[in-house]
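Have a look at the structure below before the remarks.
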Amino acid sequence: MNAAAPYLEFARKAFSREATYRVEVFTSVGSFVLRVYLLRSVWTALYAQNAAPAGIPLHAMITYTTVALLMSLVLEVDGTRMIREKVREGTIAVDLMKPISLPLYFFSDGFGQTLWNALLILPSLACALVLVRIDLPSLPALIGFALAFALGYGVNFFLNFLMNAVAFWTLETFAIQLMVRWVSDLLSGQILPLSLFPGALGKVVGALPFASIYSTPLQIYIGQLSGYAVFPALLTQVAWLIAFAAISAAVWQQAQRRVIVQGG
Amino acid sequence: MVVMPIIQTRQLRKVFRSVRRIPGALGAVRTLFSRDYVDRVAVEGMTLSIEEGELVGYIGPNGAGKSTTIKMLTGILVPTSGDATVAGLVPWQQRQRNARNIGVVFGQRSQLYWDLPLIESFELLRAIYGASADRYRQNLDHFTEILEMHEFLNTPVRQLSLGQRMRGDFAAAMLHDPRIVYLDEPTIGLDVVAKEAIRNFVSEVNRERGTTIVLTTHDLSDVERLSRRIVLIDHGSLVYDGTIERLKDQYGTHRTLVVRLAEAYPEVKVDGAEVVGRDGDVVRLRFDRGAFGADQLIRRVTESYCVTDVSIEEPDLESIIRRIYIEGYEPTLTPRAEILPHAVS
């Protein structure tokens, strides 16, 4: 029996758990298509008034927003959300009495959910293609995108982990979650390409860790980053990933020492 | 070779520190910035040793520090001072390794996975503990049998009744053959039949597998039924550690003779006994069992009164323990040093 076995099992269970909520497939595909339609309308209307901002043509902009929405199907899964519930209800104690690493448990549970949600990409994309045309990148760009996406997925996991780990100190994290979520939606490039931010602001936003989550993979996808320019971008992601992992490890050490289970 | 106790604690102490709350609406804001702390001692100077294969009742009123002790022994709470080893490991330093040796059942908190059928929780646990397929199968079959889990193995946990869920939790805690099992209020809220099934199971596991069991409970009938040794704590400190019989010997100095009178006597008086209750023709007489035997008292009663029925009530554990909580343990009755060493061998 190898050490990875429990975590594979967690991922499998999370996958089949998600699969039991069948109605959600329709609602999430439905809301996805609606959002694609809305964004297409908004951008088409804006482009009719102005020239292409930051040199992004309309078809690239629609590709960007549609792919961003597809990515969000997977990135909005938060396997660490259960930290909050577990700390509040005190069930984290039961988990700590098991011979497992809890961060890995959260990650694998989230990963199982992610795999299920990744399946939703296909029907979502199929429906979206009725409404919009999206560009397909070259093969190297696609590989770069996949790499950047995987790195962004990691950064996103640790960001969620850190936010939820606040529960160990305050037991209530809703306000913080909401704030970080808003900031992250805007600064990660999920809603707008970061190249639309003016001058110095754009530089600052581009250097923040949030950019690793959506902006870097998407810039590679639509060709804003290509050739050798891709490498420093990927390295920046790696740097953020390592930094966030290190902070998370430190925070987890502290959190573990602090476990004060409510009640009992 | 000296055999080490499987659980050993020395001067274990846990203090919880919290910010002192300032009353009032403005106080709530000031509390946020306050550096004024209140310390609450949850466990104080706990020195305890438990041998492999023992079944110990760990008793105390609410807030006495029972759960805090268990949490330290399971490695999820770091003590303020003192030390402890469980099967040779320091639990809070080697949490994951310690977790392999232990099983835990909380009456109020399930370790089963809410949305999964019971059997899938078991499979997940097998993966977690890396138990061999054969051993797992064997244990599962055995537990399914004695806990009668056949009908609900494939039911999602959230649809189980409390009694079913508890049986599931017990099986879940024992599937990986733990050496030590902590039971925290395991029979709370269960009906008589389910309680009995659980007690039989615990007793069997302890007897057949030699599993060490620490049973924390309010329900003293659990303890009386299952364990010989009890550890009594109050206000975080150890109050008594020894056999139930010994506690009864020391504290249950009085027995009660219950007499049903054949005629309506206006007043009942018996030499050497105190009338502690009267309900119609039933009279309760308390007497010191050191002074004379029940036969003597019965003779005295029947000499003066016409009686249809007599019975004797032994002091029950609950009233003894209640008395200790109220009055404190009297070490003068028996020198404490005599009680402290492992009374059960």
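Letters A, B, ... mirror the listed sequences (proteins, then strands); counts begin at 1.
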A quick test of your reading: do over 12 heavy atoms of other residues, nucleotides or ligands sit less than 6.0 Å from OH of Tyr37(A)? no
Are Tyr182(B) and Met97(A) side-chain neighbours, meaning at least one heavy-atom pair lies under 4.5 Å? no
Looking only at atom types and distance, does a side-chain atom of Arg97(B) sit under 3.5 Å from a main-chain N or O of Pro99(A), one as donor and one as acceptor? no
Looking only at atom types and distance, does a side-chain atom of Arg95(B) sit under 3.5 Å from a main-chain N or O of Leu96(A), one as donor and one as acceptor? yes
Provide the closest heavy-atom pair for Lys13(A) versus Leu124(B) in the form atom of the first, atom of the second, distance. CG-CD1, 4.0 Å
Has Phe111(A) got more than 12 heavy atoms of other residues, nucleotides or ligands less than 6.0 Å from its CZ? no
Where is the tightest heavy-atom contact between Ala5(A) and Ala127(B), given as atom of each residue plus distance? O-CB, 4.4 Å
Student check: side-chain heavy atoms of Arg126(B) and Glu9(A) closer than 4.5 Å: no
How close do Ile128(B) and Pro6(A) get, counting heavy atoms only, and between which atoms? CA-CB, 3.8 Å
Interatomic distance, CD@Gln111(B) vs OG1@Thr91(A), rounded to 0.5 Å, equals 12.0 Å
Less than 4.5 Å apart, any side-chain heavy atom of Lys98(A) and any of Leu125(B)? yes
Value for CD (Gln96(B)) from CG (Leu102(A)), rounded to nearest 0.5 Å, stands at 8.0 Å
In terms of ring plane angle, is the pair Tyr113(B) and Phe10(A) parallel, tilted or perpendicular, where the classes change at 30° and 60°? tilted
